[in-house]
Every structure is written in C-alpha cells, then in structure tokens.
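See below for the structure under consideration.
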Amino acid sequence: MTGGPYERFSKLEKHMRRLPDYAQRAQRTARAVRSYTDSARSRTSSAEPGATDGQPSSRSAMAAVNPVVADVRDKWSRWNEPAAKHERRKRRTSRALTLWIVLTLLSVLYAVAGYTGITGGIDGWQGAFGGVVAAVLFGVLGVRSGVRLYQLSRTPVPESPPRPPSLPRAGSAARAPMERLGRCEATMRDLLAQLALPHGTSGSASVPTMSVEQTRTTAAEAASALRALAARVESVERARTSAPEAERPALDTAVAGLRGQLDDGVEEYASLVAAAGQAVAATSDGTTAKEALTDATDRLAGLASALRDLSSR
C-alpha cells in the first residue's frame, strides 16, 4: 500500500495535463450538436404542415410547446420577483430560529441531566459543562436569527416590477399591433415621468399634475380596451380554425374588421405618445404642445369608451 498517495497524485496530474484535450472534445461535441439541431430545424421549417397522414404538423407541435414554455417562463419570473425573494428569506430565517430554539432547549435539558447525574458518570457542573456550552452556542445562533427575522419583518417589501402583459400567439392578426402597443406604453411611461418633473426656474412641472394623471389614466384604460379587442380577435381566429370550410370566409372578414379597429386604436395611442413627446420637448412657452396633449388625451378617452361599448354588446 506504500506509494498509494503518490500514485493517485500522479494520476491527478496526468488528468490535469489532458484538460485541454477534454476541452477540445467538448467543443467538437457542442459543434456537432449545434449542426444537428440546425439541420433538424431547417428540415422542420421546410416541411409542409400535415404532409404525412396521421402525423402532427410542426406548427401544431410548436403550438403545443408554446404554452409549456410560457408557463415555465411565468413561474421563473414569479420566483425571481423581489417580493418572493424577500418572503423566502423570512421563511428560511424563521425555520432557522425554530431549529436553534429546539436545540437550545435540548441542550439545557442535557445540561440539567448531566448536573443531576442522570446521564451517568460525572455529575455536577462537570457533567453539565457540555450541555451548557451547547446551550450557549445554540442560543447565540438563535438570537442572531431572531434579530435577522425582526429586521426582515421591519423591512418594507420591495415592489415587483410590472409584468408585461402576455402577447397574442405567434401568427395571430393581433400580435403585431400588441407588440407596437407594448413599445408605446413603455415610451409613454418615460414621457409622463419626464412631464411630472420640475421644469425651469419656477420649479413647477411643465404640465399640470392633474393633466399628467388624466393622461396616464386614459392611456391605461385605452390599453386595456385594446387588449380586450385583441382577445376578441384571437377568439374569432380560434373559431375559424374549427369552423366548416364554408363558414371561414365570413370569419376571415370579421377578423379583418377587428384588426382594422385594433390598428386604428393603436394609431391613436401612438398619437398620444407623440403629443406627450412634444410636451416634453416644449420650452417655457409650451402652450401649443400642452393643448395637443389634451386633445390627444380626449380623443383616446373617446376611443376607449367606444371600444368598451363595443365589447359590452
């Protein structure tokens, strides 16, 4: 058995010298896997849906996979939210505090048993010494956990960032307008934040706070109404998929009409964004830009009301 450690050390040194070879093999394997997946993807995209009887098409397979991917993505985003992380820290600290309290009590019982000689052997303080040391150690850890839990309880829960609304499925007629609406909403949030800041030497906002809040509320209502309209588009599209062939032209016409309303609504929302941008760019004499913002807000409010009335029919 002599020389065993040296033999193991020599084997370890040999493997360390061969690490570059292992890395090259891993790179070759990764390139082979990438080329295989690229070729498989190209074959899948070039194949026509439903070309083989009894076999699901690639489009239907992707439609089945997309909800799973979206569900995993939503769970991952919820897991990484600041509020969820804060709650997990509190839960872990509470469990640790419970553990240290239980161990402290058991150590105290062990110290009492050692002091009275129940455990056998040495009694008195010598018998209780081990239990006392363990009780002090676990007690200190319990106090630290208790202080940590108190601090976490007093700390305000971090606000989670607003989650972007889910987009319509890929290939839907409502997908492109909703993507544009999402970009417009992000721009509108930035512009309204700029309008609420003090401007000039007077220290007041470039646009009255009431007007900014009215614009923000109207934009939110209009975006909600447009998303409800996009949901109607998706519903009609799903109905068209399962409808008889003779009924599909009428449903196509309905989808085209709803898509036109959706495009007009997003265009009005973009006009409000443009008016907000003009108000931000305006100097001290920004009366015209403020009036344009008010007019665009009124038009968008009317559009949101019309869309709500249409959805309630």
Side-chain angles (χ1 to χ4, degrees), residues 30 37 61-106 137-172 174-197 209 212-213 215-235 238 266 269 273 276 304 308 311:
T37 54
M62 289 300 296
V65 172
N66 283 338
V68 178
V69 175
D71 184 60
V72 172
R73 185 172 59 250
D74 291 341
K75 289 182 178 179
W76 178 254
S77 62
R78 287 195 298 268
W79 174 266
N80 287 311
E81 288 180 354
K85 290 182 179 179
H86 183 76
E87 191 63 30
R88 287 197 299 272
R89 292 192 191 99
K90 289 178 60 177
R91 189 162 52 247
R92 288 195 299 266
T93 307
S94 177
R95 291 173 181 173
L97 177 61
T98 303
L99 175 63
W100 300 136
I101 291 175
V102 171
L103 292 177
T104 302
L105 293 176
L106 292 177
L137 177 62
F138 294 139
V140 170
L141 294 175
V143 170
R144 290 183 58 186
S145 297
V147 171
R148 176 63 175 165
L149 183 60
Y150 176 77
Q151 293 174 349
L152 289 174
S153 300
R154 295 293 300 272
T155 303
V157 179
E159 293 184 0
S160 301
R163 297 177 59 191
S166 58
L167 292 172
R169 61 176 180 82
S172 173
R175 176 83 178 198
M178 289 299 99
E179 289 178 344
R180 185 186 179 191
L181 177 63
R183 294 191 296 269
C184 290
E185 283 182 304
T187 306
M188 178 62 73
R189 283 193 295 267
D190 296 338
L191 292 173
L192 292 180
Q194 291 290 330
L195 289 175
L197 294 176
T209 305
V212 174
E213 292 300 325
T215 302
R216 182 180 288 109
T217 302
T218 302
E221 292 177 354
S224 178
L226 289 173
R227 288 194 171 87
L229 183 58
R232 293 183 62 191
V233 173
E234 285 193 288
S235 299
R238 286 193 297 268
V266 175
Y269 195 103
V273 174
R308 286 194 300 268
S311 300

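Note that the numbering runs from 1 along the sequence shown for the chain.
- Annotation for E234 and S172: closest pair CG-OG, 3.8 Å, computed over non-hydrogen atoms.
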Please walk me through it: do R148 and R89 pass side-chain contact (heavy atoms from CB on, under 4.5 Å)? CA-CA 10 Å; R148 176 63 175 165; R89 292 192 191 99; 4.2 Å; yes

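- Note: E221 CD to L226 CG = 12.0 Å, rounded to the nearest 0.5 Å.
- Heavy-atom minimum distance, A223 versus L181: O-CD2, 4.1 Å.
- The CG atom of L167 sits 4.5 Å away from atom CZ of R175, with the distance rounded to the nearest 0.5 Å.
- Residues Y269 and M188 have side chains in contact (heavy-atom distance under 4.5 Å, counting atoms from C-beta outward).
- A donor-acceptor contact shorter than 3.5 Å is absent between the side chain of S224 and the backbone of A220.
- The side chain to side chain donor-acceptor pair (under 3.5 Å) search around S235 returns R238, not counting sequence neighbours.
- Within a 6.0 Å sphere centred on CZ of R88, heavy atoms belonging to other residues, nucleotides or ligands number more than 12.
- A search for salt bridge (Lys or Arg N to Asp or Glu O under 4.0 Å) contacts involving E185 returns R227, not counting sequence neighbours.
- Under a 3.5 Å cut-off, the side chain of H86 and the backbone N or O of L152 do form a donor-acceptor pair.
- Applying the side-chain hydrogen bond (donor to acceptor under 3.5 Å, both in side chains) rule to pairs touching residues 92-105 yields W100-S145, sequence neighbours excluded.
- In this structure, OG1 on T215 lies 11.0 Å from CG on L191, to the nearest 0.5 angstrom.
- Residues L97 and G146 share a closest heavy-atom pair of CD1-N, 3.8 Å.
- To the nearest 0.5 Å, atoms CZ (F138) and CG (L99) are separated by 8.0 Å.
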